[in-house]
Number of protein chains: 2
Amino acid sequence: MQRLRAGQPVFHQGDPARRVFMLTLGSLKIYTLLGDGRRQVTGFMFPGDFLGISVEGEYAFTIEALQQSELWWFSREAFDSFIETHPSIERELYRMAAHELAAAQRQMVLLGRKNAAERLASFFLELLKREQTIAGSMAQSFDLPMSRLDIADYLGLTKETVSRMLAELRGRGLIRLERQNRVEVLERERLEEVAAGNDEG
Amino acid sequence: MQRLRAGQPVFHQGDPARRVFMLTLGSLKIYTLLGDGRRQVTGFMFPGDFLGISVEGEYAFTIEALQQSELWWFSREAFDSFIETHPSIERELYRMAAHELAAAQRQMVLLGRKNAAERLASFFLELLKREQTIAGSMAQSFDLPMSRLDIADYLGLTKETVSRMLAELRGRGLIRLERQNRVEVLERERLEEVAAGNDEG
DNA sequence: CGGTCGCTTGACGGGCTTCAAATAGCGTGG
DNA sequence: CCACGCTATTTGAAGCCCGTCAAGCGACCG
């Protein structure tokens, strides 16, 4: 078990990929850096999420805690032998990878073809959906454990543009900020329309 | 076995996901449409590529032939029972999914943080690498079975921008067009630099 | 209450898109 | 085999969305 404080890295881009882990508490960000410092956040992790080893060799990304977090490590060998004795796990791994792939495809659509407002609306709906699977479908608000810059780097924008789109969604009455890091969704259907690009109103 | 001519769909976004297939000849494009017609190509398929069922329910994308192609279908049931009798396949499936995930992450970096020239250079290097694994590492050119519009929709650009960046890479002597749909790489290292964003020359 | 850091807001500029037109490529039929 | 016509690609000009730079504001913490 490993405890992490906000900002602490789990591992770095370029480290040899030897272990796998499951997040049990808190939240993490996954990001890749380009040579000149540009950054793309390719995903966030929440409790229950598992990180296997995608490819032999080195990690292609860095993972960092967004807040106080806890995770459980397994050595690659221990994990492999666990799989040997529980072959049904393999199917479960495949299923998880398939879901991640589907999410990655949605993110490619977002990054390739959606405008700034659509990106932020899509992101909020993703977080709302997650909140509802955990807290029940009546939940209408959720936390933002990540900074505006993290959101920007996830959505392929700048922090300024994230701020402006936030202000726009707020101004149109679709969301409300309970605190700086907590969003309440006031008009889910209209938010869905913005996210989908059907937003000529 | 199914033969396809250029432009023919394999299946459409929204079709129930019941079967899996392997491409044996030709090439395919995978794309998602937004409500207003915007399109994101999330990948291309080449001989040997396999498409499993990522998520229960409906396909989230359309697949279409780029040229005359051939593929082999398996019903989901046949495929599942094949897996039952060959459990080692499961690990192979997982490995494939993991590679696709790694590719998806690279594409997210491209779409989120690279400029137009970097995107096109990255794409060409991806195709060159593929060509070299097939034809040998001395290969310096490759075909573009897809249109400029397909490339644009893969890279999150417009076809005009793709044309302009093509002209720029050509003008700088990094590539040459043998024909409209065949690219020769003249300066691989410089192309790598452009792709990585280390290009202040 | 002061200081710091993150967030918001404003003004301006640039890279890519949009709209438009010219050119090239390619299959078809004479 | 060549001319024709259609479509894809290239090139040009103008505009816009978002990025960049800068300043002001607010939240959190000691």
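So you know, we letter chains A, B, ... as the sequences are listed, proteins then strands, and number each from 1.
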Salt bridge present between [X] and [Y] (N-O < 4.0 angstrom):
{"X": "Glu118(A)", "Y": "Lys114(A)", "value": "no"}
{"X": "Glu126(A)", "Y": "Lys129(A)", "value": "no"}
{"X": "Arg164(B)", "Y": "Glu160(B)", "value": "no"}

Report task. Taking atom types as modelled, find out whether Ser27(B) and Gln67(B) have a side-chain donor-acceptor pair closer than 3.5 angstrom. Result -> yes
Query raised in the report: Can Gln40(B) and Thr32(B) be counted as having a side-chain donor-acceptor contact under 3.5 angstrom?
Result: no
Query raised in the report: Which is true for Ser147(A) with a 4.0 Å heavy-atom rule: it touches a base, it touches only sugar-phosphate, or it touches nothing?
Result: sugar-phosphate
Take the protein atom [atom1] of [X] and the nucleotide atom [atom2] of [N], then report the distance between them rounded to whole Å.
{"X": "Arg182(A)", "N": "dA27(D)", "atom1": "CZ", "atom2": "P", "value": "17 Å"}
{"X": "Ile151(B)", "N": "dA8(D)", "atom1": "CD1", "atom2": "C1'", "value": "12 Å"}
{"X": "Arg38(A)", "N": "dG19(D)", "atom1": "CZ", "atom2": "P", "value": "13 Å"}
{"X": "Arg113(B)", "N": "dC18(D)", "atom1": "CZ", "atom2": "P", "value": "13 Å"}

**Report entry** Working for salt bridge (charged side-chain N to carboxylate O under 4.0 Å, His left out), residues Arg113(B) and Asp153(A)
**Finding:** CA-CA 8 Å; Arg113(B) 287 293 175 238; Asp153(A) 285 345; 2.8 Å; yes
Query - is_close_aromatic(Tyr31(A), Phe61(A)), centroid dist under 6.0 Å - result: no
Report summary line: In the 5' to 3' direction, the nucleotides of DNA chain C bounding the stretch that comes under 4.0 Å of a heavy atom in chain A are dC7(C) to dA11(C)
Report summary line: Taking for Asn115(A) and for Arg179(A) the nucleotide of DNA chain D with the nearest heavy atom, the one nearer the 5' end belongs to Asn115(A)
Report all interatomic pairs (protein N or O, nucleotide N or O of nucleotides 10-12 of chain D) with separations under 3.5 Å.
unit_1	atom_1	unit_2	atom_2	d
dT10(D)	OP1	Arg148(B)	NH2	3.2
dT10(D)	OP2	Arg148(B)	NE	2.8
dT10(D)	OP2	Ser163(B)	OG	2.3
dT10(D)	O5'	Ser163(B)	OG	3.1
dG12(D)	N7	Arg164(B)	NH1	3.0

Report task. Please work out which of the three classes, parallel, tilted or perpendicular, describes the rings of Phe11(A) and Phe21(A), given edges at 30° and 60°. Result -> perpendicular
